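Everything below concerns the one structure shown next.
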Amino acid sequence: MADTAAAPRTPEDAAQPTPADGSEVPTGSLANDNHASGASTAPSEPFVEPHYDEELIHKTVLVGDSGVGKTSFLVQFDQGKFISGSFSATVGISFMNKVVAVDDAKVKLQIWDTAGQERFRSVTHAYYRDAHALLLLYDITNRPSFENIRAWLTEIHEYAQQNVVIMLLGNKGDMTAERAVKKDEGERLAKRAQTPGGKAAKRCKISDPRLYQLGEEEKIYLLWLTKALRLSVRPKLETLYAHRCG
Ligand SMILES: Nc1nc2c(ncn2[C@@H]2O[C@H](COP(=O)(O)OP(=O)(O)OP(=O)(O)O)[C@@H](O)[C@H]2O)c(=O)[nH]1
């Protein structure tokens, strides 16, 4: 994570909201709820506790090799822009929350940033178990990070719940000159990858204009995530997974 690498935390800690920046939740878009990672700025307005149904907490865990850009992705997701510069390697795990509007419900989206380094693996495994979605990142300029996706999937299958939504994201799409993994290789792997429950994944169409400022692969992630949220807030559809969209 960032310079202020957080000490290992428990999911129970995460259920306790911590002071936020107090921003309102615009309908149909992503909005800040709070930042448990310690990377937030001081609130400029009085803190207003966002309303959300505790049952509608959706946990996403970012996983992948060290340096693929998990922390950067989380910061970008939070702040709406890429913040260049190096972050210290994540120590253990940290998280941030956003409230997203899904249909008429507000869902607390809790995104966990795990350490890619091998020595923290036993810590991060514990967080797979109650994850609704796992975002698996590789670096398109780093071939080994792509080749290690299979090993990550094996771990996911071992530790995650059966109906978890898995999303594959090729990061650093701006560095095309140094690309070491072809886009269609990533696509083929995504098609072959299966959730622990054995359902194959498919890509969704990108049609949401709110996502215009993001790169294509990030759009796919966000759209999948939105679909995943839709599915998870309607229990009878939960077993359809993200692979049914598009
Ligand atoms: N050009 C470019 N650089 C990126 C991108 N995402 C991340 N980086 C850079 O890649 C380096 C590693 O990023 P991190 O976000 O710290 O990687 P991480 O996956 O969190 O690493 P660990 O915490 O060790 O697991 C940093 O120098 C980032 O600035 C991207 O999309 N484009």
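Read the numbers this way: they start at 1 and go in the same order the structure lists the ligands and their atoms. Bear in mind that the values here come from a model prediction, so they are computed numbers and not experimental data.
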Problem set entry | For the student: nearest non-hydrogen atoms of Lys70 and Thr114, plus distance |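 In this case the closest contact between Lys70 and Thr114 is CE-O, 3.1 Å.
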Under 3.5 Å between some N or O of ligand 1 and some N or O of [X]?
X	result
Gly67	yes
Asp113	no
Gly69	yes

Problem set entry | Part of Asp65 within contact of ligand 1 (heavy atoms, under 4.0 Å) |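 Asp65 to ligand 1: backbone contact only, side chain stays beyond 4.0 Å.
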For this session: Pull out every atom of ligand 1 sitting under 4.0 Å from any heavy atom of Asn171, numbered as shown with elements.
Result: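 Contacts of ligand 1 toward Asn171, numbered from 1: 6 (N), 31 (O).
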For this session: Give the numbers and elements of all ligand 1 atoms closer than 4.0 Å to a heavy atom of Met175.
Result: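 It comes down to these atoms of ligand 1: 1 (N), 2 (C).
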Problem set entry | Validation row: Leu136, Ile156 side chains within 4.5 angstrom (heavy atoms) |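 They are in side-chain contact.
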Seminar exercise, completed: Sequence neighbours excluded, the answer for salt bridge (charged side-chain N to carboxylate O under 4.0 Å, His left out) partners of Arg129 is none
For this session: With sequence neighbours left out, write down each residue that passes salt bridge (charged side-chain N to carboxylate O under 4.0 Å, His left out) with Glu147, or none if nothing qualifies.
Result: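 In terms of salt bridge (charged side-chain N to carboxylate O under 4.0 Å, His left out), with neighbours along the sequence ignored, Glu147 is linked to Arg143.
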Exercise. With a 3.5 Å cut-off and no angle check, do the side chains of Asp139 and Ser145 form a donor-acceptor pair?
Worked result: no
Problem set entry | Criterion side-chain contact (heavy atoms from CB on, under 4.5 Å) on Tyr128 and Val63, from CA distance to verdict | CA-CA 9 Å; Tyr128 291 4; Val63 289; 3.5 Å; yes
Exercise. With respect to atom 30 (C) of ligand 1, which of Lys70, Glu178, Lys172 exhibits the smallest heavy-atom separation?
Worked result: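 Considering heavy atoms of Lys70, Glu178, Lys172, the nearest to atom 30 (C) of ligand 1 sits in Lys172.
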